[in-house]
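Inspection log for the structure reproduced underneath, given as structure tokens.
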Amino acid sequence: MKKEDTVKLISSEGFEFVVDKTAAMVSHTIRNMLTSPGSFSETQHGEVTFPEISTLILEKICQYFYWHLQYASGKETEFHIEPEITLELMMAANYLHT
């Protein structure tokens, strides 16, 4: 996979998730960050840092991106969310417009 086909998402603790750009584009916020005209660092480097999103939550969000692509292509599977992370996950999902 080529670097331009991936996006690096960085959590508040500095953990890096490298995901397919197609998967990351599930998020309207990330899509806007990466496709905005101009010389924004996110567009130039293909990296987005989320200082307010923990590693655990960002990992779950990345899992959701891939699940969403599978669901959209007709593969209906369950997406399990642990009850103890529900509120934090909902807040992050709201910010990311996913």
Side-chain angles (χ1 to χ4, degrees):
M1 188 177 314
K2 294 184 274 186
K3 183 178 175 170
E4 56 269 5
D5 294 336
T6 62
V7 177
K8 188 183 294 184
L9 306 178
I10 306 168
S11 72
S12 59
E13 295 93 354
F15 194 87
E16 300 175 351
F17 296 90
V18 178
V19 298
D20 288 336
K21 197 173 210 175
T22 305
M25 295 292 192
V26 167
S27 163
H28 296 277
T29 302
I30 294 173
R31 182 183 314 137
N32 290 338
M33 289 176 167
L34 296 174
T35 60
S36 296
S39 57
F40 295 103
S41 66
E42 292 87 358
T43 305
Q44 291 179 345
H45 303 293
E47 292 183 8
V48 183
T49 302
F50 297 104
E52 300 296 323
I53 301 178
S54 70
T55 300
L56 176 67
I57 298 301
L58 190 55
E59 179 180 23
K60 196 67 169 179
I61 288 168
C62 292
Q63 291 171 2
Y64 172 78
F65 291 160
Y66 287 104
W67 176 87
H68 180 83
L69 293 178
Q70 288 181 344
Y71 186 83
S73 68
K75 184 178 179 186
E76 293 187 30
T77 60
E78 192 172 307
F79 185 74
H80 179 71
I81 299 172
E82 297 79 9
E84 56 274 1
I85 66 167
T86 303
L87 180 60
E88 192 176 355
L89 186 61
M90 287 176 55
M91 289 172 27
N94 184 52
Y95 169 72
L96 294 172
H97 296 270
T98 54

Test your reading of the model: is there a side-chain donor-acceptor pair from Ser27 to the backbone of Ala24, 3.5 Å cut-off? no

Take Leu58 and Phe50 through the test side-chain contact (heavy atoms from CB on, under 4.5 Å) and record every step on the way to the result. CA-CA 9 Å; Leu58 190 55; Phe50 297 104; 4.2 Å; yes

In Å and rounded to the nearest 0.5 Å, what is the OG1 to CD distance from Thr6 to Glu47? 9.5 Å

Without swapping roles, check the side chain of Glu16 against the backbone of Lys8 for a donor-acceptor pair under 3.5 Å. no

hydrophobic_cluster_shared for Phe15 and Leu96, side chain cutoff 4.5 Å: yes

Using the six-membered ring wherever Trp is involved, compare the ring planes of Trp67 and Phe79 and label them parallel, tilted or perpendicular (cut-offs 30° and 60°). tilted

Would you say the side chain of Val18 lies within less than 4.5 Å of the side chain of Val7, judging by non-hydrogen atoms? no

So for atom CD, which belongs to Glu52, do other residues, nucleotides or ligands contribute more than 12 heavy atoms lying within a distance under 6.0 Å? no

Could you tell me whether a side-chain N or O of Ser11 sits under 3.5 Å from a main-chain N or O of Leu56, the two making a donor and an acceptor? no

Does the pair Leu9 and Cys62 meet the rule for a side-chain contact (heavy atoms from CB on, under 4.5 Å), with working shown? CA-CA 9 Å; Leu9 306 178; Cys62 292; 3.9 Å; yes

Can we call the ring centroids of Tyr64 and Tyr66 under 6.0 Å apart? no

Are Glu82 and Lys60 ion-paired here, with the side-chain N under 4.0 Å from a carboxylate O? yes

Determine the minimum heavy-atom distance between Pro51 and Ser12, stating which atoms define it. O-CB, 3.1 Å

In this structure, OG1 of Thr49 is separated from CE of Met33 (nearest 0.5 Å) by 9.0 Å

What's the spacing between Ile53 CD1 and Ile61 CD1 if we round to 0.5 Å? 4.5 Å

Rounding to 0.5 Å, atoms CD1 (Ile85) and CD1 (Ile57) come to a distance of 4.5 Å

Using 0.5 Å steps for rounding, measure from the OG1 atom of Thr35 to the CD1 atom of Ile30. 11.5 Å

Applying side-chain contact (heavy atoms from CB on, under 4.5 Å), run through Leu89 and Ile81 and close with a yes or a no. CA-CA 9 Å; Leu89 186 61; Ile81 299 172; 3.7 Å; yes

Apply side-chain contact (heavy atoms from CB on, under 4.5 Å) to residues Phe17 and Glu59 and explain how you reach the verdict. CA-CA 8 Å; Phe17 296 90; Glu59 179 180 23; 3.6 Å; yes

Between atom NE2 of His28 and atom NE2 of His97, what is the distance when rounded to the nearest 0.5 Å? 8.5 Å

Should Leu34 and Val48 count as side-chain neighbours, where that means a heavy-atom distance under 4.5 Å? yes

